[in-house]
Amino acid sequence: MTVVGTFGLSVRDQALEADVQAGLTAVEEGLLEATKSEVPFITEAAQHLVRAGGKRFRPLLVTLAAQFGDPYAPGIVPSAVVVELTHLATLYHDDVMDEADVRRGVESANQRWGNSVAVLTGDFLFARASHILADLGPDAVRIQAEAFERLVTGQILETAGPAEGRDPVDHYLDVLSGKTGSLIAVACRFGAMMSGADETVVDVLTQYGERLGVAFQLADDVLDIASDSHESGKTPGTDLREGIPTLPVLRLRERAQLLGLPEDQALVELLDSDLADDARLAEAIARLRAHPALEQARRDTVRYAQEARAALSPLPECEAKAALVELCDAVVHRAG
């Protein structure tokens, strides 16, 4: 058994391990090549997060999904580069919106160079992803465009908040399906599609990716509260400070409204106060860590991971399927 990548996937088959390692190495080279510019400063800014590392979760899914067809097909590595470039671009933009100081354990681009450079660097990465995508054919362009529309729509819906009378938790899960699930679903879809896998297999893996993506983001919500910066790669409580209504907070509000317990209402009042103060933020994190709402968010994460696992049931038993199942477990493990 060998652990592949920073995400900690255990691969028991030597041939699959070799394919995954070779694929991820090629993707890394492709990312560095795609982020080069004739302008040295642009190269430095564009490669800032590439060189900071990361789980490469989406390229990993591309390479695993490709195992259901020809894993050496020429479109697989470029499509993985496209998906990861798109993801990296959204991180530059997210950090501007969140006023984040740290990303992947290093200084965020907006903190280092300012918001304008961070936004434009994200745009540069989108442009490079589109350039690579154009060589993969009109179907790939359409799929990526649809996913990108869903991603942006999810971000806008998060900013706008739930409509009158809409359950905030249901609204938030829809937001995550767009913001995170859409691109992870594309990673699985591209891998299977570029490998020439059967259309039924492509559909199964796309559904798996959508559910896994939501579970992945829910695990991040838990990590924002439950982990330190060494584990998560960003400052704990970033979402709390920015007033982003992640699932643990939504579960807390739901419980406070339903049960009316004074301690729940007091914590809601704390979260609604100015968390720019470090001491107040630390208190909010500590109290949320001990609150049942965090455990409820963990259970929600497990539920989506189980749905992702169930989506794989039509696929034949093989090492690649076993690895995809294990990723469901790994996502749950991240959430504790």
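None of these values were measured; they are calculated from a predicted model. What you see below is based on every heavy atom in this structure, not just the backbone, and it leaves out hydrogens, waters and symmetry mates.
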When rounded to the nearest 0.5 angstrom, what distance separates SG in Cys188 from CD in Glu210?
10.0 Å

Glu283/Arg280 salt bridge by N-O under 4.0 Å criterion
no

Over 12 foreign heavy atoms within 6.0 Å of CD, Glu149
no

Residue from Thr43, Ile42, Val119 passing side chain to side chain contact (heavy atoms under 4.5 Å, CB included) with Phe124
Ile42

Answer whether the closest heavy-atom distance between the side chains of Pro78 and Asp135 falls below 4.5 Å.
no

How far does OH of Tyr92 sit from NE2 of His48, to the nearest 0.5 angstrom?
6.0 Å

Any side-chain heavy atom of Val302 within less than 4.5 Å of one from Val332?
yes

Is any side-chain heavy atom of Asp220 closer than 4.5 Å to one of Arg334?
yes

Mind checking whether Phe57 and Phe216 have parallel, tilted or perpendicular rings, split at 30° and 60°?
parallel

Restricting to non-hydrogen atoms, name the atom on Phe148 and the atom on Thr86 that form the minimum distance, rounded to 0.1 Å.
CD1-CG2, 4.5 Å

Within-4.5 Å side-chain heavy-atom neighbours: Phe68 and Leu324
yes

Test your reading of the model: is there a side-chain donor-acceptor pair from Glu84 to the backbone of Arg56, 3.5 Å cut-off?
no

Would you say the ring centers of Phe126 and His93 fall short of 6.0 Å from each other?
yes

How close do Val62 and Ile76 get, heavy atom to heavy atom, and via which atoms?
CG1-O, 3.7 Å

Which heavy atom in Val83 sits nearest to a heavy atom in Ala187, and how many Å separate them?
CG1-CB, 4.0 Å

Heavy-atom closest contact (Ala140 atom, Leu133 atom, distance):
O-CD1, 3.9 Å

Return the minimal non-hydrogen interatomic distance between Leu261 and Arg255, and the atom names on each side.
CD1-NH2, 3.7 Å

Measuring only between side-chain heavy atoms, which start at C-beta, is Arg112 closer than 4.5 Å to Val106?
no

Closest approach of Val186 and Ala147, non-hydrogen atoms and distance?
CG2-CB, 3.3 Å

CD/Gln67 to OG/Ser195 distance, rounded to the nearest 0.5 angstrom?
8.5 Å

Any Lys/Arg nitrogen of Asp174 or Arg166 sitting under 4.0 Å from an Asp/Glu carboxylate oxygen of the other?
yes

With rounding to the nearest 0.5 Å, note down the distance linking CZ in Arg287 to CG in Asp264.
9.5 Å

Using a 4.5 Å cut-off on heavy atoms from C-beta on, say whether the side chain of Glu319 contacts that of Gln14.
no

Between Arg299 and Gln296: side-chain donor-acceptor atoms closer than 3.5 Å:
yes

Identify whether Val222 and Val169 are in the same connected component of the hydrophobic contact network (ILVMFWY, side-chain heavy atoms under 4.5 Å).
no

Main chain of Asp19, side chain of Tyr72: is a donor-acceptor contact present, judged purely on distance under 3.5 Å?
no

What I want to find out is whether Asp203 reaches Arg189 closely enough, with some N-O distance under 4.0 Å, to be called a salt bridge.
no

Counting distance only, does the side-chain N/O of Asp300 pair as donor-acceptor with the main-chain N or O of Leu218 below 3.5 Å?
no

Under a single-linkage definition using a 4.5 Å side-chain heavy-atom cutoff for Ile, Leu, Val, Met, Phe, Trp and Tyr, are Ile244 and Leu250 assigned to the same hydrophobic cluster?
no

Kindly indicate, with the supporting measurements, whether the criterion side chain to side chain contact (heavy atoms under 4.5 Å, CB included) is fulfilled by Val331 and Tyr304.
CA-CA 10 Å; Val331 165; Tyr304 270 91; over 6 Å; no

For the CG atom of Leu205 and the CG atom of Leu61, what is their distance to the nearest 0.5 Å?
9.5 Å

I'd like to know if Ile184 and Val152 are part of one continuous hydrophobic network [Ile/Leu/Val/Met/Phe/Trp/Tyr, side-chain heavy atoms within less than 4.5 Å].
no

Between Arg289 and Ile225, is there a donor-acceptor pair closer than 3.5 Å when you use the side chain of the first and the backbone of the second?
yes

Apply the test side chain to side chain contact (heavy atoms under 4.5 Å, CB included) to residues Leu312 and Leu315: give CA-CA distance (whole Å), side-chain angles for both, the deciding distance (0.1 Å), then the verdict.
CA-CA 6 Å; Leu312 294 171; Leu315 297 182; 3.7 Å; yes

Thinking salt bridges, do Glu317 and Lys321 make one under a 4.0 Å N-O criterion?
yes

Would you say Arg51's side chain and Glu44's backbone share a donor-acceptor pair under 3.5 angstrom?
no

Assess whether a salt bridge exists between Asp272 and Arg253, defined as any Lys/Arg side-chain N lying under 4.0 Å from an Asp/Glu carboxylate O.
yes

Distance check, rounded to the nearest 0.5 Å: Arg241 atom CZ versus Leu275 atom CG?
7.5 Å

Is there a path from Val27 to Ile132 through hydrophobic residues (I, L, V, M, F, W, Y) whose side chains come within less than 4.5 Å of each other?
yes

CA sep, side-chain torsions, deciding dist, call: Leu31, Thr35, side chain to side chain contact (heavy atoms under 4.5 Å, CB included)
CA-CA 6 Å; Leu31 287 171; Thr35 48; 5.5 Å; no

Above 12 or not: heavy atoms from other molecules or residues under 6.0 Å from CD of Gln257?
no

Under a single-linkage definition using a 4.5 Å side-chain heavy-atom cutoff for Ile, Leu, Val, Met, Phe, Trp and Tyr, are Tyr208 and Val202 assigned to the same hydrophobic cluster?
no

Below 4.5 Å, heavy atoms only, C-beta onward: do Gln144 and Leu183 meet side chain to side chain?
yes

Within the structure provided, determine whether Lys179 and Glu158 are in side-chain contact (heavy-atom separation under 4.5 Å).
yes

Thr238 and Val102: CA distance, side-chain angles, deciding distance, side chain to side chain contact (heavy atoms under 4.5 Å, CB included) verdict:
CA-CA 9 Å; Thr238 296; Val102 178; over 6 Å; no

